[in-house]
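None of the values given here were measured: they were computed from a predicted structure.
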Amino acid sequence: MSSPRLVNASLKKTSTSRSDLVYSGSLVLAAGLALASICAIVAFVLIEALPFFRAASWPEFFFSPAWFPGESRFGAAALLVGTLLVVLGAIFVAVPIGISAALALVFYLPQALASRTQAVVEVIAGVPAVVVGLFGLTVVVPLLAGVVPPGLGLPAASVTLGMLLAPQLIVNAAETFRAELPELLRVARSLGISRETVILHLVLPQRLRILIGSSTILTGRAIGETLAVMMVAGNVIQFPESIGSSVRTLNATIALEMPYAEGIHRSALAALAALTFAVVLALRAVVPGQARR
Amino acid sequence: MRYLSLFSLGLFLLFAVSMLIPALRELPRALDAGYLLGVPEAMGRAGGIGPMLFSTLLINGLALVMTVGLGLPLALFLWERGDRVARHSLQRAVILAIDLLAGTPSIVFGLFGSIFFCRILGLGYSILAGAATLAVMTLPLFARLALDAMQASPAAYRPLARSLGLGRRTTALRILIPSVWQGLVAAVVLSWARATSEAAALLFTAGYATRWPESLLDSGRALPVHIFDLAMNVSGGDAMAQRAALVLLVLTTVFVVVCRKFMQGVAQWQIT
C-alpha cells in the first residue's frame, strides 16, 4: 500500500466491486419492500373503506348513534363520543397523577430511593396492555361496582386506560424535569427562592410545552388501545346516560365485529379504522415538533 | 405540594402493586413443567399453556426475523442517504410514514392482516399470517430506533471510510454496525417486547386454536390472546389468566430488564 498507484487501484476496486453492487441492490430491494408494506397498510385501509365512503350518508355516520350493521345503518356518533369520553377520562386520571408523581421523584424523594422507584415505574411501563386490562377487570371493576354501578363502563375504562398511560407519563415528565435542573436549583438557592416557588413558577411553566406534547402523544396511544378498554367498558352502543354508563369505543367495535363482518359492514369497519388514522394525524399536527420524541 | 406529589406517587405504586400481586401469587403453580408444557383443558380452566407458549415464541421469533430482515436494510438505506438532497424529501416522507404507523392502533394492523394475509394471500388463520402482521406492526418502530442508533454514530465515519477506499458494504458491516450494535440490540429488544405483548393484532390473524400447531400454516393462540380469552369468555378463568399473565410478564418485562442490565454492564466494561 506504499505506492500511490496501488492505493488508487484498491480504491477503484473496492468502490465499484461486485459485492458492493450486490449489497446496494439488496439494500434497495429490502428497503423498498419495507416501504411498500408501510404504504400498503394506509392505502389498503382506505381502499377497503372506499365502498362505504361512496355509499354512506355522511350526516348519519357522524351524527347518528344508531349502529345496526344488520340493517345497514352505520351511525358512528355514539362510538366517537364513547372513545373521546374514555380517552378524556384516562387523561384526567393519568395526567395529574403522572405529573405530580414525577415531581415527587425529582424533587422530594431522596436520590437513592428515587432512582429505585423510577426503575420500578419503568418496569410497570412495560406491562402488556392485556395484563392491565385483566387488572381492570379483577380489581378496578369490583371496586367501582359499589360506587358507580354496574362497574363495567366509563369509569372503569378511564381508570384502566389511565393506569396504562401513567407510568410512561411519569418517566417522560421526570426526564423533562431533570433537564438542566441542578443549575436551576443552584441559581434559585443563591437567590433565596424556595423549592415550591421553583416548581410552580419556574419548572412547570417552562416545561409546559413539552409536558403537553408528551401528554398528546399518550392521547394517541390511548385512542389506539383496544382490548384493555374493551375488557372493562361494557361495550353497549349508546350515548352515555350517567357517569357509570357502559360505553363502546371505535376500536372495540372493529375488534368485536371483525370476525363476522362481510360486504359493506366490513367496509364500514375499515372506515372506522380510517377515522382513527385521521385522529392520529390530527394529533400529530398539533404536537410541538420538539416534544414528538 | 410535597404531600400532594408524594400521595400521587404512593397511589400509583399502590395500584401497580395490586396489579402485580395477583399474578405473582401464581408463581409456585406457574413454575410447574405440567403447566408450562401441558395442553389446556376445559377451555383453559385447567391444564397448561404449552401450545400457547410455543405459538408465542414461534410467532414472535418469525416476526422478529422479518422485522430485522426488512427494517435493518431500511434503516441502512436511510442512513446512507442522510447527507444527500433526499434528506428533505425522501427521508422526511419515510419518517412521516413511520411515525404515522407507530401511532396506529394495533387493531388496524389486525384488520389489515386478516384481510390481506389471511384472505387475499390465502394464509387463513395461521402462525405465518400472525407473524407477518406483527412484523408490519413492529417494522416502523424498529426502523426508527435503528436509524436513531445509527445517527448517533460519529457523522465523520462515512466520509472517513470513503476516503480510506472502503466500499459501502464494508463501511456498513465492519464500521457502522459494530460501533452502534448496542443501540441495535436495544431496538431488537424493544420490538420483541412490543410484539410479545400484542393481542389485538393476533386475534384475527393467528387465530385462537389451543392445540399444538403442526405447521406454520396452522392456527396458534398467542399468550396475550389466551389471557384475553380466559378473562372475557371463560367464567372462573381469572386465576388461570393471572398465571398466564405471569408467564407473559416474564417473557416481556423481565426479559427487557435483563437485557438493559446486560447492556449497561457491557457499556461500563467497554469504558474501563
Practice item. Let me know if A:Leu200 has heavy atoms under 4.5 Å from chain B in its side chain, its backbone, both or neither. Key: side chain
**Study point:** Toward chain B, the part of A:Glu225 with a non-hydrogen atom under 4.5 Å
**Key:** neither
Check your understanding: Using non-hydrogen atoms only, which part of A:Val123 is less than 4.5 Å away from chain B: side chain, backbone, both, or neither?
Key -> both
Exercise for review: Could you tell me which portion of B:Thr252 (side chain, backbone, both or neither) has an atom closer than 4.5 angstrom to a non-hydrogen atom of chain A?
Suggested key: side chain
Revision key, fill the gap. Ranked by heavy-atom pairs below 4.5 Å to chain A, first place among B:Val108, B:Leu72, B:Leu203 goes to B:Val108
Check your understanding: Most heavy-atom pairs under 4.5 angstrom with chain A, which of B:Ala143, B:Ala241, B:Ser18?
Key -> B:Ser18
Exercise for review: Can you tell which part of B:Leu230 gets under 4.5 Å to a heavy atom of chain A, answering side chain, backbone, both or neither?
Suggested key: neither
Review point. With only heavy atoms counted, which part of B:Leu139 is less than 4.5 Å from chain A, the side chain, the backbone, both or neither?
Key: side chain
Exercise for review: Would you mind checking which part of B:Ile120 comes under 4.5 Å of any heavy atom in chain A, side chain (CB onward), backbone (N, CA, C, O), both or neither?
Suggested key: side chain
Review point. Which bit of A:Val45 is near chain B, if near means a heavy-atom gap under 4.5 Å: side chain, backbone, both or neither?
Key: side chain
Check your understanding: Can you say whether A:Arg195 sits under 4.5 Å from chain B via the side chain, the backbone, both, or neither, judging by heavy atoms?
Key -> neither
Review point. With only heavy atoms counted, which part of B:Thr196 is less than 4.5 Å from chain A, the side chain, the backbone, both or neither?
Key: neither
Check your understanding: Taking all non-hydrogen atoms of both residues, which atom of B:Leu111 and which atom of A:Ala270 are closest, and how far apart?
Key -> CD2-CA, 3.8 Å
Study note, to complete from the structure: d(B:Leu173 CG, A:Tyr23 OH) to nearest 0.5 Å is 6.0 Å
**Study point:** Heavy-atom neighbours of B:Arg119 CZ exceed 12 at 6.0 Å
**Key:** yes
Practice item. Take A:Ser100 and B:Ser8 through the side-chain hydrogen bond (donor to acceptor under 3.5 Å, both in side chains) test and state the conclusion after the steps. Key: CA-CA 6 Å; A:Ser100 59; B:Ser8 302; 2.5 Å; yes
Exercise for review: Using non-hydrogen atoms and a 4.5 Å limit, figure out which bit of B:Phe7 sits close to chain A: side chain, backbone, both or neither.
Suggested key: neither
Exercise for review: Output the distance between atom CD1 (B:Ile227) and atom CE (A:Met231), rounded to the nearest 0.5 Å.
Suggested key: 8.5 Å
Review point. Is it the backbone or the side chain of B:Gln242 that comes under 4.5 Å from a heavy atom of chain A, or both, or neither?
Key: both
Study note, to complete from the structure: Heavy-atom nearest pair, B:Thr253 first then A:Gly126, reads OG1-O, 3.6 Å
Point to revise | Contacting moiety of A:Ile199, where chain B heavy atoms sit under 4.5 Å | key: side chain
Check your understanding: What part of A:Leu29 lies closer than 4.5 angstrom to a heavy atom of chain B: side chain, backbone, both or neither?
Key -> neither
Point to revise | Contacting moiety of A:Ala261, where chain B heavy atoms sit under 4.5 Å | key: backbone
**Study point:** Polar side-chain atom of A:Asp20 near backbone of B:Arg169 as donor-acceptor pair, under 3.5 Å
**Key:** yes
Practice item. To the nearest 0.5 Å, tell me how far B:Ile115 CD1 sits from A:Ile47 CD1. Key: 11.0 Å
Point to revise | Per-residue contact mode, A:Leu137 against chain B (heavy atom under 4.5 angstrom) | key: side chain
Exercise for review: Give, for atom CZ of B:Phe228 and atom CG of A:Leu227, the distance between the pair rounded to the nearest 0.5 Å.
Suggested key: 4.5 Å
Exercise for review: Tell me, for B:Ala231 versus chain A, whether the close heavy atoms (under 4.5 Å) come from the side chain, the backbone, both or neither.
Suggested key: both
Practice item. Identify which part of A:Val22 has an atom lying under 4.5 Å from any heavy atom of chain B, answering side chain, backbone, both or neither. Key: neither
**Study point:** chain A contact via B:Leu11 - which portion, at a heavy-atom distance below 4.5 Å
**Key:** side chain
